Amino acid sequence: MSHITLVRHGQANTAARDEVNYDKLSDLGHQQARWLGAHLRDTRAHYPRVYCGTLTRHVETASSMGLPEPVRDARLNEIEYFTLAQLFHEQHGVAIPTDREGFVDHLPRTFAAWADGDIQDAPESFEQFETRVSDALHEIGTEGGPAIVVTSGGLISMVVRQAMGLDIPSMARVALAIMNTSMHRLHPIGAQLSPVLFNATPHLEAPDRQFAQTHL
């Protein structure tokens, strides 16, 4: 049975505080992707269909994994979280965090405000994000053999939300949990795509690689 495997990009520029500067892999991000690509080859994983977003970190991850040239689709791009966070700060005085612990509180608050329409002039509405993700996954579908999709954590959390009917706080917790170069698999069960794998990093499980199990 054909399935879709979503992969979060490798570690990006963690020192960045805007969209442009964040959008490139760190040296560790390239290494994470190389390890994942080697794991897929070693396990003879078969993906005749390859997709990614149009962001630099997506393209670089697919390249370092050694995947064939992917179909690039802007609907698979991440939300502009730094932009949303800046607008949230300007409009509501909510400070932008500087570490992962700060994001544990900040991300669900930002998602909730965005979904409620409380962040004005956002690059896209929450509903537009929902729609583009749903449309992209529907078009990729399961015809033509297994597909691998290199994308971002926020988009993966939306896919899980749609598959499992999650509320916004639950979607935010999913987004916070997703590790760089983790794999997430969807199988068709009946008429729906259902998660059968979440946040898997077998290529980073060896003791000498556990340092590379990053979230930011």
Side-chain angles (χ1 to χ4, degrees), residues 1-16 22-53 55-68 70 76-79 81 99-101 103-104 107-108 133 137 140 146-164 166 170-187 193-216:
M1 183 179 294
S2 295
H3 56 265
I4 300 172
T5 299
L6 302 166
V7 174
R8 186 190 175 196
H9 61 80
Q11 185 190 62
N13 179 19
T14 58
Y22 179 72
D23 191 27
K24 58 183 177 182
L25 292 192
S26 67
D27 291 343
L28 177 58
H30 281 288
Q31 182 60 71
Q32 291 165 330
R34 286 192 291 268
W35 280 332
L36 176 56
H39 168 77
L40 295 177
R41 290 187 291 274
D42 289 346
T43 57
R44 299 183 183 179
H46 176 57
Y47 291 104
R49 301 184 298 134
V50 181
Y51 301 83
C52 73
L55 298 176
T56 299
R57 59 190 184 271
H58 299 158
V59 175
E60 288 183 342
T61 298
S63 177
S64 286
M65 287 174 65
L67 295 174
L76 299 170
N77 287 352
E78 179 65 293
I79 62 173
Y81 189 81
D99 54 27
R100 184 169 184 268
E101 288 68 28
F103 279 105
V104 170
L107 191 144
V133 172
L137 267 290
I140 291 170
I148 192 165
V149 178
V150 179
T151 181
S152 290
L155 186 137
I156 294 169
S157 73
M158 174 57 80
V159 171
V160 177
R161 165 182 159 83
Q162 293 174 343
M164 303 299 291
L166 301 182
S170 300
M171 174 187 167
R173 288 197 298 274
V174 167
L176 287 165
I178 294 172
M179 290 188 286
N180 296 115
T181 61
S182 55
M183 294 185 290
H184 312 256
R185 187 163 297 140
L186 301 167
H187 266 283
L193 287 171
S194 297
V196 296
L197 184 72
F198 176 76
N199 219 22
T201 55
H203 56 299
L204 304 177
E205 295 296 332
D208 62 343
R209 295 185 184 179
Q210 290 177 8
F211 75 94
Q213 295 177 1
T214 60
H215 295 85
L216 293 177

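As the structure is a computational prediction, the values presented were derived from the model and not from experiment.
A side-chain contact (heavy atoms from CB on, under 4.5 Å) with Thr214 is found for exactly one of Thr201, Leu28, Leu204, Thr181, namely Leu28. When each of Gln32, Arg57, Glu78 is checked for a side-chain hydrogen bond (donor to acceptor under 3.5 Å, both in side chains) with His9, only Arg57 meets the rule.
By the 30° and 60° cut-offs, the orientation of the rings of Tyr81 relative to Phe103 is tilted. Using cut-offs of 30° and 60° for the angle between ring planes, the His187 and His3 rings count as tilted. Taking the six-membered ring where tryptophan is involved, the planes of His203 and His39 are tilted, since the angle between them lies from 30° to 60°.
One distance of note links CG of Leu67 with CZ of Arg41; it measures 8.5 Å at 0.5 Å rounding. Distance OG1/Thr61 to CG/Leu36: 9.5 Å, rounded to 0.5 Å. The structure places CD1 of Ile4 at 6.0 Å from CG of Leu186, a figure rounded to the nearest 0.5 Å. Between the CG atom in Leu137 and the CG atom in Leu6 there is a gap of 6.0 Å [rounded to 0.5 Å]. For the atom pair CD of Gln213 and CD of Gln11, the computed distance is 13.0 Å after rounding to the nearest 0.5 Å.
Counted within 6.0 Å of CG on Asp27, heavy atoms from surrounding residues, nucleotides or ligands total 12 or fewer; the atom is thus considered open.
Across all non-hydrogen atoms, the minimal contact from Pro70 to Ala62 is CG-CB, 4.2 Å. In this structure, Met171 and Gly154 approach most closely via the heavy-atom pair CE-O, 4.2 Å. Residues Ser26 and Ala12 approach most closely at CB-O, 3.8 Å, considering heavy atoms. Between Leu176 and Pro108, the closest heavy-atom pair is CD1-CD, 4.4 Å. Heavy atoms only, all atoms of each residue included: Leu25 and Gly10 are closest at CD2-O, 3.3 Å. Taking every heavy atom of both residues into account, Ile178 and Gly153 meet most closely at CD1-O, 3.5 Å.
Residue pairs meeting the side-chain hydrogen bond (donor to acceptor under 3.5 Å, both in side chains) criterion with at least one member in residues 147-157, sequence neighbours excluded, are His58-Ser152. Counting only residues at least two apart or on different chains, no salt bridge (Lys or Arg N to Asp or Glu O under 4.0 Å) pair has a member in residues 207-216.
When the side-chain contact (heavy atoms from CB on, under 4.5 Å) test is applied to Thr56, the partners found at least two apart in sequence or on another chain are Asp23, Glu60.
For the residue pair Arg34 / Ser64, no side-chain donor-acceptor distance below 3.5 Å is found, with atom types taken as modelled.
Annotation: side chain of Met65 is in contact with side chain of Ile148 (closest heavy-atom distance under 4.5 Å). With a 4.5 Å cut-off on side-chain heavy atoms, Leu40 and Tyr47 count as touching. Proximity of Arg161 to Val174: side-chain heavy atoms (C-beta onward) are nowhere separated by under 4.5 Å. In this structure, the side chains of Leu76 and Cys52 stay at 4.5 Å or more apart for every pair of heavy atoms.
The backbone N or O of His184 lies less than 3.5 Å from no partner atom in the side chain of Arg8, so there is not a single donor-acceptor pair.
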